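The block underneath contains the structure these notes are about, expressed in structure tokens.
No experiment lies behind these values; they were computed from the predicted model shown. The sequence lines fix the lettering, A, B, ..., with proteins before strands; numbering per chain opens at 1.
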Number of protein chains: 2
Amino acid sequence: MKQPERREQIIEVADRLFYEQGYDHTSFADIAKAVKISRGNFYYHFKTKDEILAAVIAFRKVRTKAMLERWEQQGDSPEKRINCFIQILIANQAKILRHGCPVGTLTTELAKLGHHSQASASEIFTLFREWLCKQFEDLGRVEDADQLAMQLLARSQGVATLASAFADQSFIDHEVRQMSLWLSNLNFTQ
Amino acid sequence: MKQPERREQIIEVADRLFYEQGYDHTSFADIAKAVKISRGNFYYHFKTKDEILAAVIAFRKVRTKAMLERWEQQGDSPEKRINCFIQILIANQAKILRHGCPVGTLTTELAKLGHHSQASASEIFTLFREWLCKQFEDLGRVEDADQLAMQLLARSQGVATLASAFADQSFIDHEVRQMSLWLSNLNFTQ
DNA sequence: GTCTATAATGCGATAGAC
DNA sequence: GTCTATCGCATTATAGAC
């Protein structure tokens, strides 16, 4: 297989395994086995574990940016676009119940490990934060746009954590409805 | 040193290290070194890593129950008692900024590891949930008490995760004020 | 690019002396 | 109750053949 393809393949598998099992708990052997190459060959593509983590984070950033651009074009109002964000809790419900939020769980783990890539991983949160901030500004909440963005980010983060802890699907459904309601009432409560 | 004392000492050190470094990443050597006993001696007190994790979770449950009982007696109104809960984000600010919420980060990690103690660790959340539920009932919100408890639990959980990710102390301060405000307005918005 | 073989380290866990 | 010594295993990482 050509070099770029194999590299992409490894990153995608590592991305999935880091999410499902955690970064530290996932070994090169796990990734190599899933990609169906030998451990030795793995080192041709990535020299250290830090290197593949950096590649996975970069991959997630690109994917997140693409998703945010898609939402930007899909929704024809800021409220509809923010609802796209809220709805990912439903779209990824099954995975979130088992493994939590991909961004939150990674930044938390890297913080505990004292890993230098923690700051880089947190920038995925920043992508959501700035995008949401822009939407709230378009909604007319110019002054507290960033605070609203952080509030929504925090709440959906907490929903993912608790839904996973209690293995409670209906909690996600309920909180998503509540967040949508909160959003549609925002114009009148400033 | 007498057996029960040493056992307690190990549990307290393990509790701290599991919080700071994560469960999986903390080795017996780490704990033994911090307690200043040999690795071999460690096994006199705890035979497996599962065993010490179970002891730490049990320890946290006892400590949480004691704290909730203290809050129960301290606050002379349900609103003040719920504010005790909200204020732990301030009281434990420094630790939360570095290591997140002790309950949330442990349940998340155990979920990723597929560890059988995950359900037991989640019961610490249940202690808070049921205590908060009772307070919201006393506040007069009988019908949606559990939903309000879960909403507050989720929000403070998200605040801890994001504050840690961004290393942003002022975000905790701001969100705590917002949650207190939300609480004081609850009576009028039913 | 891919493989096998292997070095070097750290881990959970055990045995046995004191 | 505490220690030293050690086993068996998984891990990251390297060397070198094909």
Rounded to whole Å, how long is the line connecting atom [atom1] of [X] with atom [atom2] of [N]?
{"X": "B:Phe42", "N": "D:dT6", "atom1": "CZ", "atom2": "P", "result": "23 Å"}
{"X": "B:Arg39", "N": "C:dC11", "atom1": "CZ", "atom2": "P", "result": "9 Å"}
{"X": "B:Phe46", "N": "D:dT2", "atom1": "CZ", "atom2": "C1'", "result": "16 Å"}
{"X": "B:Tyr44", "N": "C:dT14", "atom1": "OH", "atom2": "C1'", "result": "16 Å"}
{"X": "B:Lys33", "N": "C:dG10", "atom1": "NZ", "atom2": "P", "result": "12 Å"}
{"X": "B:Ile52", "N": "C:dC11", "atom1": "CD1", "atom2": "C1'", "result": "15 Å"}
{"X": "A:Lys36", "N": "C:dC3", "atom1": "NZ", "atom2": "C1'", "result": "18 Å"}
{"X": "B:Lys49", "N": "C:dG10", "atom1": "NZ", "atom2": "C1'", "result": "12 Å"}

Measuring from the side chain of [X] (C-beta onward, heavy atoms only), which nucleotide among [options] has the closest atom?
{"X": "A:Phe28", "options": "D:dT12, D:dC3, C:dC3", "value": "D:dT12"}
{"X": "A:Tyr43", "options": "C:dA13, D:dT12, D:dT2", "value": "D:dT12"}
{"X": "B:His45", "options": "C:dT4, D:dT2, C:dG12", "value": "D:dT2"}
{"X": "B:Thr48", "options": "C:dA13, D:dA13, C:dC3", "value": "C:dA13"}

Polar contact flag, side-chain donor to acceptor under 3.5 angstrom, A:Trp131-A:Glu72 |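 The answer is yes; a qualifying pair exists.
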Consider only side-chain N and O atoms of A:Ser27 and A:Lys49, and report whether a donor and an acceptor are under 3.5 Å apart.
->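 Per modelled atom types, A:Ser27 and A:Lys49 side chains form no pair under 3.5 Å.
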Does a sphere of radius 6.0 Å around NZ in A:Lys134 hold more than 12 heavy atoms from other residues, nucleotides or ligands, not counting ones at 6.0 Å or beyond?
->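 Buried by this count: over 12 neighbours within 6.0 Å.
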Can you see if the side chain of [X] gets near the phosphate of [N] - specifically, an N or O under 4.0 Å from OP1 or OP2?
{"X": "B:Arg6", "N": "D:dT2", "result": "yes"}
{"X": "B:His25", "N": "C:dC11", "result": "no"}
{"X": "A:Ser27", "N": "D:dT11", "result": "yes"}

Does A:Tyr19 reach the main-chain N or O of A:Gly100 with its side chain, forming a donor-acceptor pair under 3.5 Å?
->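 Side chain of A:Tyr19 to backbone of A:Gly100: a pair is present.
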Could you give me the CA-CA distance, side-chain angles and deciding distance for A:Lys112 and B:Glu20, then say whether salt bridge (Lys or Arg N to Asp or Glu O under 4.0 Å) is met?
-> CA-CA 6 Å; A:Lys112 294 228 193 237; B:Glu20 292 175 357; over 6 Å; no
